[in-house]
Undergrad: 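Got a structure for you, questions after.
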Amino acid sequence: MRKEAFPRADWPRVVVTTDPELDDLNSMIRLLTHAAEIDLCGLVYAGSKFHYAGDPARGIASHRWPAPGDRLHIDEAIDAYAQVEDTLRVHDPRFPTAAHLRSLVRMGNITAEGEMDEDTPGSTLIADLLRDIALTPDAATGEGGALLDAARPCSSRPGAASPPLPAPCAPWKRNSEAGRTGRR
């Protein structure tokens with residue numbers, strides 16, 4: 001059992017965009033088992049050609065999206081993580097808290113396949129992160145059509161109001177200056 005964090009000054013910054021496919025739930029669980037080794041900056045629900053929420057008011061039917069009120073897969077993975085969080089921290093104190101992980105969750109463009117008509121909390125988070133790191137390509141990942149949410153900030157309206165960045169990612173300088181142990 002380690003009593004202090006592994007020494008490291010730089011952390012891969014990661015934003016994950018994901019649809020509610022079973023393999024994405026499995027990937028989310030695996031990601032969380034490695035959460036001590038990355039600077040996780042966002043967990044964004046996104047639609048894809050395989051899953052989207054639809055919008056009955058616009059005549060878009062839901063396609064393989066969980067029913068309204070159902071718990072979505074990122075939240076389910078964090079719930080499972082919360083059950084083992086203390087054990088993970090015994091082995092490495094850098095593991096984030098479940099509360100911190102929940103603070104990273106955002107809803108992206110989920111209405112239809114390829115839909116990028118609206119700014120969403122997820123697309124705004126990604127846009128703000130990209131602006132903050134001056135478009136350096138060090139981490140934006142996704143599965144299938146989920147990458148569309150990563151592209152959304154490129155067409156966002158300049159000057160649109162944005163919510164504050166999640167605590168671990170603002171400011172980026174903390175990677176080399178402050179380390180990770182005091183941020184959670």
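Just so it is clear, the values below take in all heavy atoms, side chains as well, and ignore hydrogens, waters and symmetry mates. Along the sequence shown, residues carry numbers from 1. None of these values were measured; they are calculated from a predicted model.
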Undergrad: Hey, quick one: are Y52 and L25 part of the same hydrophobic cluster, counting side-chain heavy atoms closer than 4.5 Å, chains of contacts allowed?
TA: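 Hydrophobic grouping puts Y52 apart from L25.
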Undergrad: Could you give the distance from CG (L101) to CD1 (I74), rounded to the nearest 0.5 Å?
TA: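 Between atom CG of L101 and atom CD1 of I74 there are 10.5 Å.
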Undergrad: About how many Å separate OG of S48 and CZ of R64, when rounded to the nearest 0.5 Å?
TA: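 One finds 8.5 Å between CZ of R64 and OG of S48.
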Undergrad: If you define the side chain from C-beta out and look only at heavy atoms, does anything of V44 sit under 4.5 Å from T18?
TA: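 No, every pair of side-chain atoms sits at 4.5 Å or beyond.
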Undergrad: Side chains of V105 and I78: does their closest heavy-atom pair fall under 4.5 Å?
TA: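 They are in contact (side-chain heavy atoms under 4.5 Å apart), so the answer is yes.
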Undergrad: Quickly, which of R102, M28, R106 forms a side-chain contact (heavy atoms from CB on, under 4.5 Å) with L43? Name it, please.
TA: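 Output: one option passes, namely M28.
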Undergrad: Would you check if E21 and H51 make a side-chain contact, meaning some heavy-atom pair closer than 4.5 Å?
TA: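 Side-chain contact under 4.5 Å: yes.
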Undergrad: Does the side chain of D39 come within less than 4.5 Å of P12's, by heavy atoms?
TA: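 No, side chains not in contact.
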Undergrad: Sequence neighbours excluded, which residues qualify as salt bridge (Lys or Arg N to Asp or Glu O under 4.0 Å) partners of D55?
TA: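 Testing D55 for salt bridge (Lys or Arg N to Asp or Glu O under 4.0 Å), a comparison that skips the adjacent residues, returns R58.
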Undergrad: Pairs in or reaching into residues 65-88: which pass ring pair (Phe, Tyr, Trp, His ring centres under 6.0 Å), with residues at least two apart or in two chains?
TA: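 Sorted pair list: Y45-H73.
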Undergrad: To the nearest 0.5 Å, what is the distance between CG on L125 and OG1 on T17?
TA: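 Taking CG in L125 and OG1 in T17, the distance rounds to 11.0 Å.
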Undergrad: With rounding to the nearest 0.5 Å, note down the distance linking CG in D70 to CG in D75.
TA: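 Between D70 CG and D75 CG, I get 11.5 Å after rounding to 0.5 Å.
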Undergrad: Side-chain heavy atoms under 4.5 angstrom apart, residues restricted to Ile, Leu, Val, Met, Phe, Trp, Tyr: same cluster for L88 and L32?
TA: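 Yes, because L88 and L32 connect within a single hydrophobic cluster, where side-chain heavy atoms sit under 4.5 Å apart.
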Undergrad: Just by distance, do the side chain of E113 and the backbone of E115 share a donor-acceptor pair under 3.5 Å?
TA: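 Not a single qualifying donor-acceptor pair exists.
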Undergrad: Decide, yes or no, whether a salt bridge links E37 with R94 under the criterion of side-chain N to carboxylate O below 4.0 Å.
TA: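 Not counted as a salt bridge, because no side-chain N and carboxylate O are separated by less than 4.0 Å.
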Undergrad: When rounded to the nearest 0.5 angstrom, what is the spacing between CG in N26 and CG in L22?
TA: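 The CG atom of L22 is 5.0 Å from CG of N26, to the nearest 0.5 Å.
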Undergrad: For P66 and L72, work out which heavy atoms get closest and say how close.
TA: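 Nearest pair, atom of P66 first, then L72: CG-CD2, 3.3 Å.
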Undergrad: Can you sort out the partners of A80 under side-chain contact (heavy atoms from CB on, under 4.5 Å), two or more places apart, ordered by chain and number?
TA: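 Per chain and number, A80 pairs via side-chain contact (heavy atoms from CB on, under 4.5 Å) with no residue.
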Undergrad: For I60 and A112, work out which heavy atoms get closest and say how close.
TA: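 Closest approach of I60 to A112: CG2-CB, 4.0 Å.
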Undergrad: Charged N to carboxylate O under 4.0 angstrom, R71 versus D79?
TA: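 Looking at R71 and D79, the cut-off is met.
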Undergrad: Salt bridge or not between R131 and D128? Use side-chain N to carboxylate O under 4.0 Å.
TA: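 Salt bridge: yes.
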Undergrad: How far apart are the closest heavy atoms of N109 and S123, and which atoms are they?
TA: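 That would be ND2-CB, 4.1 Å.
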Undergrad: Has S103 got a side-chain atom pairing as donor or acceptor with H100's backbone, closer than 3.5 angstrom?
TA: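 At least one qualifying donor-acceptor pair exists.
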Undergrad: Do the side chain of E85 and the main chain of A98 share a donor and acceptor less than 3.5 angstrom apart?
TA: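 Checking the backbone N and O of A98 against the side chain of E85, a donor-acceptor pair under 3.5 Å is found.
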Undergrad: Hey, quick one: are F95 and I29 part of the same hydrophobic cluster, counting side-chain heavy atoms closer than 4.5 Å, chains of contacts allowed?
TA: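 They do not share one cluster, since no chain of ILVMFWY contacts under 4.5 Å joins F95 to I29.
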Undergrad: Determine yes or no for a side-chain-to-main-chain donor-acceptor pair under 3.5 angstrom, with D19 supplying the side chain and G47 the backbone.
TA: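 Checking the backbone N and O of G47 against the side chain of D19, no donor-acceptor pair under 3.5 Å is found.
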Undergrad: What's the shortest heavy-atom distance between C41 and V15, and which atoms?
TA: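 Distance-wise, the nearest heavy atoms are CB-CG2, 4.1 Å.
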Undergrad: Check the pair H34 / I38 against side-chain contact (heavy atoms from CB on, under 4.5 Å), numbers first and verdict last.
TA: CA-CA 7 Å; H34 295 279; I38 58 176; 5.8 Å; no
